[in-house]
Amino acid sequence: MDFRYTEEQLALRETLHRFIARDYDFARRRALVSSPLGFSAEAWAQYADLGVLALPFPQEYGGLGGNPVDIMVVMELVGQGLLLEPILSTVVMCGGVIRDAASEAMKRALLPQIGAGSLQLAFACYEAAGRYDLASVACRARPSGDGWCLSGRKNVVLDAPSADGFLVSARVSGQVADSEGISLFLVKRDAPGLTLRWYPTQSGGRAADLRLEDVVVEADAHVGSPGQALEIIERAVDRSTAALCAEAVGIMTALNEATLSYLKTRKQFGVPIGSFQVLQHRMADMYIAAEQARSMCILATVNADSKDVAVRRRVVSGAKAHIGRAARFVGQQAVQLHGAMGVVDELIVSHYFKRLTVIDLTLGDSDFHLARFGESLRPAGQ
Amino acid sequence: MDLTYSPEDDAFRAEVRAFLDARLPEDVRAKVLLGKRLGKDDFMRWQKILHARGWGAGRWPQRFGGAGWTVVQDHIFEEERAEAGAPPQIAFGLRMVAPVLMTFGSVRQQEYFLPKIIAGEHFWCQGFSEPGSGSDLASLRTEAVSKADHYVVSGQKTWNTAGQHADWIFCLVRTRSEGRPQEGISFLLIDMKTPGIEVRPITLLDGEREINEVWFDEVQVPVENLVGEENKGWTYAKFLLTHERTNNAGIGMCKRGLHTLKEIATDQLVNGRPLIEDVRFRDRIAEVELELMALEINNLRVLSAAAIEERPIGPEASMLKIKGSQIIQQLAELRMHALGHDALPYLYEALEPDWVADPLLAEHYPAYAPPVSGQYFNLRKTTIYAGSTEIQKNIISKLVLGL
């Protein structure tokens, strides 16, 4: 057993650390949030140069053959720097689906482009009525000529405004909540019949609602076997959930550092407020919460690609439920300990807090994952 | 022991309800219920309507133009007001500076200011906190130098709410630097139009601009605007904070928030059923509702005891502030979680009264959604302002428990 990062992972971490310090400080990030694109095109190109965008792909597709722990390293830094670029959507989520399930031709066409930073994709698999249920798909796909014709709605598609294309779940048979009968399609941004309504998110990113009205795609836009996409989707979402957990851990670590520093420097009643026992104990609880969260994150990360679906679901959902709560505690208490300084826009503290909140609400909230984790529980002795 | 409302109380509730039905402007009501931004005009218009009915200041004694309500009547009014979607009254004038003026102010101050507060002509704000003086308020440094017939005030206040709207500010200023810090503080009333005052907005985490820094650069304040005696300001401030806390349970607002939560959880679906029927989420609502039930009675017990014994409310007010602020935060958190993905869009413009969702958005994005996440973020301030939860617990430990 060995919990240490490899030399390569430590080097990647150090590189990203330096990049954030040099090119992505809080002032820069704030400017990016209100820029037309909403993130940095230069940073995206730099990630491509560093190999981050090709990290999880096999070498024959221009990738680096990285594993989920490599992604964990990246996502922790995404959290610490509050990076806005769509690494999760494009590389982990959509890139992961293509790597796992796409045809050889699609892999050859798309994975090198993603790795080079010239293609961005967004994952359009949630619908308004379904909440966090990926099987709740009302969007329909019917055969049309050699290809398919899609109609339906997808809501709050993260990173959609800048995406060149979308992976869209659509039903080819069965009823809205059936796990069978769901297919996955690659839909280009400029496909006739596709409309976007974009907006900023609560944590400074961008998202959009999608309307598909008789959007026609070619046969080769279909990913995987017809009607069997739910398994592919769940696998990609589980892997992305583990990555999101790592982002949360990165934020909690940074937020605890900021709070600890504030406790040591902010003086009231003539002494640093960190000399008050009630705040010392609170800070100790925040430290424990972040360490527990890191451990759950590690557990989820090393099982994120597990062939045993039951194990993968149990561990990933367990981590997301646990980390959602830890993030809420750490975020709320970091704000509380900063006093009024914790609720101003000017300090990074409130931005970390908002990002933790949004992470809790993304890819299933704590309640959703607690229930999914609970499904694996059996009466003792059985 | 009798927890029933008297026939007079029931009649009063009916009267309040009828008044709210008839006189609360529909546009203001719609803004409040949908969480839209309220402007100064909305608050002042409502205050004037209340004043015309003789209810401009429910708890003020009748000799100052108040309605002279009992604590129970005040509770009934607040409950009905919040439920109907009427805006809260601005506390800075009515519940904060006014009691100080009634108790420690000069007759001239009482005769000039109180009628303007109750009539909605003067909008007040507070100048207490400073960058280096939050929980440790007595360390404040904004100084007022005494000249012949005026003070010259210089310094900086912060975390000031609604200073951009205010006609007047009540300030704690340092008039003596020797001795205990508490014994060199005075309580000044300052006209916001006086030269040398600058209000600089602070953007909060939800993007709203309701909080300010207020800078004073050699601002001249006539000596007749000193309240009571010089260097006794700390006593008046403590008195004020006690009065401020009497409404800190915020029962009416909590009930309104609970009601909205249930509406959202009824409309949102999980596995095709209303979220409110989901056992896990229902339990979460139930737990907060129980806390609120207990707090409502707790609040009435504290207020009744103070009324019967004809004394101001004591340090037990800290308990009401702690619980009330926690409940309002928990309700906001549940409302946000109830929304699921719809909690994620940040639509700043959607809080303007005339905003209409475009068709694509309106297909799934409900009218109640836009303010919800921002409220969760913004309401983190409730356990920080007006004496943080940690400071309130210090008060309970020391003054109630004797530790």
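Chain letters run A, B, ... following the sequence lines, proteins first and then strands; every chain starts at 1.
Contact tally against chain B (heavy-atom pairs below 4.5 Å) for Thr357(A), Leu279(A), Asp133(A): the top residue is Thr357(A). The residue among Ala138(B), Ser139(B), Pro181(B), Ala338(B) with the most heavy atom pairs within less than 4.5 Å of chain A is Ala338(B). For chain B, the option among Ser350(A), Gly364(A), Pro200(A), Gly205(A) with the highest count of heavy-atom pairs below 4.5 Å is Pro200(A). Your options are Met341(A), His351(A), Arg206(A), Glu127(A), and the one with the most heavy-atom pairs under 4.5 Å with chain B is Met341(A). Highest contact tally toward chain A, considering only Gly272(B), Gly134(B), Ser388(B), Ser129(B), is held by Gly134(B) [criterion: heavy-atom pairs under 4.5 Å]. Across Asn378(B), Thr383(B), Leu269(B), Val270(B), the residue that shares the most heavy-atom pairs under 4.5 angstrom with chain A is Thr383(B).
For Ser135(B) against Phe269(A), the heavy-atom pair with the smallest separation is O-CZ, 3.5 Å. When every heavy atom of Ala343(B) is checked against every heavy atom of Leu361(A), the shortest pair comes out as CB-CD1, 3.8 Å. Here the closest heavy-atom approach between residue Gln268(A) and residue Asp136(B) is recorded as OE1-N, 2.7 Å.
Both the backbone and the side chain of Leu361(B) come within contact range of chain A, with heavy atoms under 4.5 Å apart. Heavy atoms closer than 4.5 Å to chain A are found in the side chain of Asn271(B), but not in its backbone. For Asp209(A), the parts lying near chain B are the backbone and the side chain together; criterion is any non-hydrogen pair under 4.5 Å. Proximity to chain B (any heavy atom under 4.5 Å) is shown, for Ala371(A), by both the backbone and the side chain. Contact annotation for Leu196(A): only backbone heavy atoms (N, CA, C, O) come within less than 4.5 Å of a heavy atom of chain B. In this structure, no portion of Ala350(B) lies under 4.5 Å from any heavy atom of chain A. Proximity to chain A is absent for every atom of Asn394(B), based on heavy atoms less than 4.5 angstrom apart. In this structure, the portion of Leu158(A) lying under 4.5 Å from any heavy atom of chain B is its side chain and not its backbone. If you measure heavy-atom distances from Tyr126(A) to chain B, the contacts under 4.5 Å come from the side chain alone. Contacts between Ser203(A) and chain B at a heavy-atom distance below 4.5 Å are absent for every atom of the residue. Residue Tyr348(B): no heavy atom, backbone or side chain, is found under 4.5 Å from chain A. For Arg266(A), the part lying near chain B is the side chain, with the backbone staying farther off; criterion is any non-hydrogen pair under 4.5 Å. If you measure heavy-atom distances from Pro359(B) to chain A, the contacts under 4.5 Å come from both the backbone and the side chain. Neither the backbone nor the side chain of Ser136(A) comes within less than 4.5 Å of any heavy atom in chain B. Neither the backbone nor the side chain of Ser366(A) comes within contact range of chain B; no heavy atom of the residue lies under 4.5 Å from a heavy atom of that chain. Contact of Ala340(A) with chain B is made through backbone and side chain together, with heavy-atom distances under 4.5 Å. With a threshold of 4.5 angstrom between heavy atoms, Thr158(B) does not approach chain A through any atom at all.
A donor-acceptor contact closer than 3.5 angstrom is absent between the side chains of Gln332(A) and Gln329(B).
Within residues 323-331 of chain A, the residues having any heavy atom under 4.5 Å from a heavy atom of chain B are, by residue number, Arg325(A), Arg328(A).
Residues forming a side-chain hydrogen bond (donor to acceptor under 3.5 Å, both in side chains) with Asp367(A) (at least two apart in sequence, or on another chain): Arg284(B).
Summarising the geometry, atom CD belonging to Gln336(A) is positioned 5.0 Å from atom OG1 belonging to Thr389(B); distances are rounded to the nearest 0.5 Å. Interatomic distance, CG of Asp345(A) versus CD1 of Ile202(B), reported as 11.5 Å (0.5 Å rounding). Between Leu337(A) atom CG and Glu390(B) atom CD the span is 6.5 Å, to the nearest 0.5 Å. The structure places CG of Asn155(A) at 7.0 Å from NE2 of His341(B), a figure rounded to the nearest 0.5 Å.
Under the 3.5 Å distance criterion, the side-chain polar atoms of Lys354(A) are matched with a main-chain donor or acceptor of Leu205(B).
Atom CD of Gln175(A) sits in a sparse spot, with 12 or fewer heavy atoms from other residues, nucleotides or ligands closer than 6.0 Å. Atom CD of Glu349(B) has more than 12 neighbouring heavy atoms from other residues, nucleotides or ligands inside a 6.0 Å radius. More than 12 heavy atoms of other residues, nucleotides or ligands lie within 6.0 Å of CD in Glu277(B), so this atom counts as buried by the packing criterion.
Proximity of His337(B) to Asp360(A): side-chain heavy atoms (C-beta onward) are separated by under 4.5 Å at one or more points. Contact of the Val344(A) side chain with the Leu204(B) side chain is registered, since non-hydrogen atoms from C-beta on lie closer than 4.5 Å. The closest side-chain heavy-atom distance from Val335(A) to Ile384(B) is below 4.5 Å. Residues His364(B) and Arg153(A) fail the side-chain proximity criterion, which asks for heavy atoms closer than 4.5 Å. When side chains are defined from C-beta on, Val278(A) does not count as touching Lys393(B), because their heavy atoms never get closer than 4.5 Å. Using a 4.5 Å heavy-atom cutoff, the side chains of Phe377(B) and Gln202(A) are in contact. The shortest side-chain heavy-atom distance between Leu275(B) and Arg131(A) falls under the 4.5 Å cut-off.
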